[in-house]
There are 2 protein chains.
Amino acid sequence: MKTISRKQEIIATATRLFYEKGYTAVSMRDIATAMDIKAASLYNHIKSKQEILSEIILKVAEEFTVGMENVLAENSSAIKKVEKVIELHIDITVNHSEALAALNNDWMHLEEIDLRSFVKMREDYEENFRSIIKQGIEAGEIKPYHPEVILFSILSTLRTLYLWYQKRGKVDVNILKKDMVSVLIKGIV
Amino acid sequence: MKTISRKQEIIATATRLFYEKGYTAVSMRDIATAMDIKAASLYNHIKSKQEILSEIILKVAEEFTVGMENVLAENSSAIKKVEKVIELHIDITVNHSEALAALNNDWMHLEEIDLRSFVKMREDYEENFRSIIKQGIEAGEIKPYHPEVILFSILSTLRTLYLWYQKRGKVDVNILKKDMVSVLIKGIV
DNA sequence: TAACAAAACTAACGCTTGTTAGTTAGAATT
DNA sequence: AATTCTAACTAACAAGCGTTAGTTTTGTTA
């Protein structure tokens, strides 16, 4: 179906514009103009502006959820799992850096089920990460700081990586992973 | 002058709403309704919606600038300066947690001189922080990681602290400072 | 009590918003 | 050659936007 690919073009264009100015500051006419068509034409391919936002955000949110489930399923130490989570974030950042702006800044403009579903995913994700850290502390692999502070510190860095990755001309992924794992882990072991 | 205090009430109300939904998603009518008056009445006290945004953002941005200048003026080790910067962020977060949402997410909706002035302040701030880290590395106080990665990691955590501080019922400031300094510094020394 | 300033009001402006209805040009399929 | 499908178009809608002008209410001071 050609419609699907055209729909993906719209979503890609919107993702870029949302990254630059935020969801509410971008109009359907802005998106259309960027594609050299009229705003009404967009509705041959998408149901609403809201649908664009939820496709952008939920697709990436599901990648996080699936990635976290894979990490949890592993049979390895807590520290190794933290490393895997860091690498998961970096992989997603590299592939969807612009979508992450919408996920981080515009999720509250989701509606109804989409909003609830996103919030649930995010809470579960944080809870899973928190339990990995707690297990690491119990096992003596991780220093006994307040787990909340460790969680917050690592997650903040990972969540805003998309801003820096864009700004400082896209470093090599493997070097980035090594550096980030060093800086984020060395402080807590 | 009563007008000034009324103006501050408007700014305080707008700050809260901008924190919840973002600058562009909040209308002048929203702000007015939250104050139990009509939108037109706001204009007895402020020039424009834009003025509200720039007062919110630039006031806090100047606190960061002044704070950083004080840190630079100190005669102490690089590590001690990094500690002071961490404490500066925590103090500002505690006092202006909602304004920081606008500063972080809506600065791009500033116009003209205000936008230029903000961007300049932020660039200078980052550059000053970067040079503290570089000096620490040269002096052997800080591990020789890529300074950019250290800067990014610490600054990301500090910049999103306002989100966590709101969510987890406002911890005691001094405990927070001690914990954050531990987690953020121990990893790099 | 009259005068004054502060701060609210009503009404409206021109413009932008997301979205719908109906139509048309071109390409693919029968 | 006729039909169907895709994807664009024009035109318009009702609602909401930031803002202005002019007026009225409210509270303080002379």
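Computation of the quantities below employed the complete heavy-atom set of this structure, encompassing side-chain atoms and omitting hydrogens, waters and symmetry-equivalent molecules. Quick note on labels: first sequence line is chain A, next is B, and so on, each numbered from 1.
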>> For nucleotides 13-20 of chain D, give me one character per nucleotide, 5' to 3': B if any protein heavy atom sits under 4.0 Å from the base, S if the only such contacts are to the sugar-phosphate, - if neither.
In response: ----BBBB
> Using a cut-off of less than 4.0 Å, is there contact between a side-chain N or O of S41(B) and OP1 or OP2 of dC9(C)?
Replying inline: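 Yes, such a contact exists.
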>> When you measure from the side-chain N and O atoms of H45(B) to the phosphate of dA8(C), is any distance below 4.0 Å, counting only OP1 and OP2?
In response: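 Yes, within the criterion.
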How would you list, by chain and number, every residue that makes a side chain to side chain donor-acceptor pair (under 3.5 Å) with [X], sequence neighbours excluded?
{"X": "E62(B)", "result": "none"}
{"X": "T157(B)", "result": "T157(A)"}
{"X": "E111(A)", "result": "none"}

> Among all residues two or more places apart in sequence or in another chain, which pass the side chain to side chain contact (heavy atoms under 4.5 Å, CB included) test with E20(B)?
Replying inline: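 If we apply the side chain to side chain contact (heavy atoms under 4.5 Å, CB included) test to E20(B), skipping adjacent residues, the hits are R16(B), L17(B).
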>> Under the rule for side chain to side chain contact (heavy atoms under 4.5 Å, CB included), what residues qualify as partners of K134(B), not counting sequence neighbours?
In response: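 With sequence neighbours excluded, K134(B) shows a side chain to side chain contact (heavy atoms under 4.5 Å, CB included) to R130(B), P147(B), given in chain and number order.
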> Got a donor-acceptor pair under 3.5 Å from the side chain of N44(B) to the base of dA8(C)?
Replying inline: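 Check passes, donor-acceptor contact within cut-off.
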For [X] and [N], what is the distance between atoms [atom1] and [atom2] respectively, to the nearest whole Å?
{"X": "I31(A)", "N": "dT16(C)", "atom1": "CD1", "atom2": "C1'", "answer": "15 Å"}
{"X": "E111(A)", "N": "dT19(C)", "atom1": "CD", "atom2": "C1'", "answer": "14 Å"}
{"X": "D36(B)", "N": "dA7(C)", "atom1": "CG", "atom2": "C1'", "answer": "15 Å"}
{"X": "L42(B)", "N": "dC9(C)", "atom1": "CG", "atom2": "P", "answer": "9 Å"}
{"X": "Q8(A)", "N": "dA7(D)", "atom1": "CD", "atom2": "P", "answer": "13 Å"}
{"X": "I37(A)", "N": "dT6(D)", "atom1": "CD1", "atom2": "C1'", "answer": "13 Å"}
{"X": "K7(B)", "N": "dA8(C)", "atom1": "NZ", "atom2": "P", "answer": "15 Å"}

>> Parallel, tilted or perpendicular, judged at 30° and 60°: which one describes the rings of Y125(A) and H89(A)?
In response: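 Ring orientation of Y125(A) relative to H89(A): perpendicular.
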